[in-house]
2 protein chains.
Amino acid sequence: MSEKPAEAVIRAWARLTRAQQRAQGEIEAALKAAGLPALAWYDVLLETERAGKGGLRPFELERAMLLAQYNLSRLVERMASAGLVERRPCDDDGRGHRVAVTDAGRVMRRRMWPVYAQAIERAVGNHLTAREAKTLGDLLGRLG
Amino acid sequence: MSEKPAEAVIRAWARLTRAQQRAQGEIEAALKAAGLPALAWYDVLLETERAGKGGLRPFELERAMLLAQYNLSRLVERMASAGLVERRPCDDDGRGHRVAVTDAGRVMRRRMWPVYAQAIERAVGNHLTAREAKTLGDLLGRLG
DNA sequence: TGCATCTTGATGCATATGCATGAATTCGTA
DNA sequence: TACGAATTCATGCATATGCATCAAGATGCA
């Protein structure tokens, strides 16, 4: 394994990056145009909502979001001072804490979703049939 | 058009981002581990080599790389002071200039390629059959 | 031609990221 | 239990990015 990549692999990689950059660019622009926070904030809100009442540990968020530790630490800090999440002491581990979404955070996520969803549709859905979208998702899942 | 995205579309988008981040992370790490410059530098070197003798205009690079204008301006500046590209006055347009690769730049790109190629294979090729890689590339091309 | 407008590119300033490291706590194990 | 190693998270400092704006040259058109 890990020899020279075939042409098709190189092309797939090049287009993967390009497609992602383009789509993300459009989506971020749509959010910003609507006066909403960036995508990363949405992801934190979603993960913390999914985690339920007790929230989750920063290192869990870090893995879920593929974010560097220091990066996540500061993201949470900014979101906390914006009132969208809160840090709570962690009973069973004195080193860390838990990050939980606030009511304002839940409201914000609901406000973001329609804009986000429409942008996804424009950037991705519009270019593919339903069948293609499924195939694409499956293939990308293999890389995950 | 542009209504609510289907589940498959949302999943495709989520995995697109995740797969790209993961692959890019691995590839950047491989380059860094080899003491080589980042991916963006490779792209500039490749584009300027492709452009041939006269190089190309910053705004062309900007579009080819989906990079913001100020961002590209500074990237070129750093690469120029590293001796990998050079800025030349532009005959037919006094506002701008041309960016051309230097010999050192060509050498650097050749040095980067084996590391880059192997990282692509590991991050992408290893997970897909040849047929799948082609399908993935085609589908991603539709988003471009 | 003359002047408003657009294009091209750079840059000051605020913000975000990367890197190295530190501080607190827990874990593994002798 | 005791203590070195590992985990969790924050932070100072350097670098990179985003935003607004500026300067200089091209372009269009009255």
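Proteins come first, then strands; the chains are lettered A, B, ... in the order of their sequence lines, and each starts at number 1. No experiment lies behind these values; they were computed from the predicted model shown.
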Discussion item. What I want to check is whether an N or O donor and acceptor connect the side chain of R95(A) with the base of dT26(C) at under 3.5 Å.
Written reply: no
Practice prompt. Tell whether Q69(B) reaches the base of dA10(C) with its side chain through a donor-acceptor pair below 3.5 angstrom.
Written response: yes
How many whole angstroms separate atom [atom1] of [X] from atom [atom2] of [N]?
| X | N | atom1 | atom2 | answer |
| --- | --- | --- | --- | --- |
| L56(B) | dG9(C) | CG | C1' | 15 Å |
| H97(A) | dT26(C) | NE2 | C1' | 16 Å |
| R98(B) | dT8(C) | CZ | P | 12 Å |
| L75(B) | dT15(D) | CG | C1' | 13 Å |
| L67(B) | dG9(C) | CG | C1' | 14 Å |
| D92(B) | dA26(D) | CG | P | 9 Å |
| N71(B) | dT17(C) | CG | C1' | 13 Å |
| R78(A) | dA10(D) | CZ | C1' | 14 Å |

Worksheet entry | Residue mapping more 5' on DNA chain C - nearest nucleotide basis, W41(A) or E62(B) | E62(B)
Item to complete: Please work out if R63(B) contacts a base, only the sugar-phosphate, or nothing of the nucleic acid, heavy-atom cut-off 4.0 Å.
Response: sugar-phosphate
Discussion item. Classify R74(B) by what it touches in the nucleic acid, base, sugar-phosphate, or nothing, heavy-atom distance under 4.0 Å.
Written reply: base
Discussion item. Under 4.0 Å between a side-chain nitrogen and a carboxylate oxygen: does that hold for R142(B) and D138(B)?
Written reply: no
Item to complete: Work out which heavy atom in A119(A) is nearest to a heavy atom in I27(A); give both atom names and the distance.
Response: CB-CG1, 3.7 Å
Discussion item. It should be established whether R57(A) places a side-chain nitrogen or oxygen under 4.0 Å from OP1 or OP2 of nucleotide dC9(D).
Written reply: yes
Worksheet item: Of all the nucleotides listed (dA16(C), dC19(C), dA10(C)), which has the minimum atom distance to the side chain of Y70(A)?
Response: dC19(C)
Worksheet, complete the sentence: The single option from T102(A), V44(A), V101(A) that satisfies side-chain contact (heavy atoms from CB on, under 4.5 Å) with M79(A) is V44(A)
Item to complete: Tell me which of S73(A) and K32(A) sits closer to the 5' end of DNA chain D, going by the nucleotide each one is nearest to.
Response: S73(A)
Discussion item. On DNA chain D, compare the nucleotides closest to L72(A) and D91(B); which residue's is nearer the 5' end?
Written reply: L72(A)
Item to complete: Kindly indicate, with the supporting measurements, whether the criterion salt bridge (Lys or Arg N to Asp or Glu O under 4.0 Å) is fulfilled by E132(B) and K134(B).
Response: CA-CA 5 Å; E132(B) 288 169 339; K134(B) 167 147 179 32; over 6 Å; no
Item to complete: Scan side-chain atoms only and decide if Q20(B) and T17(A) contain a donor-acceptor pair under the 3.5 Å cut-off.
Response: yes
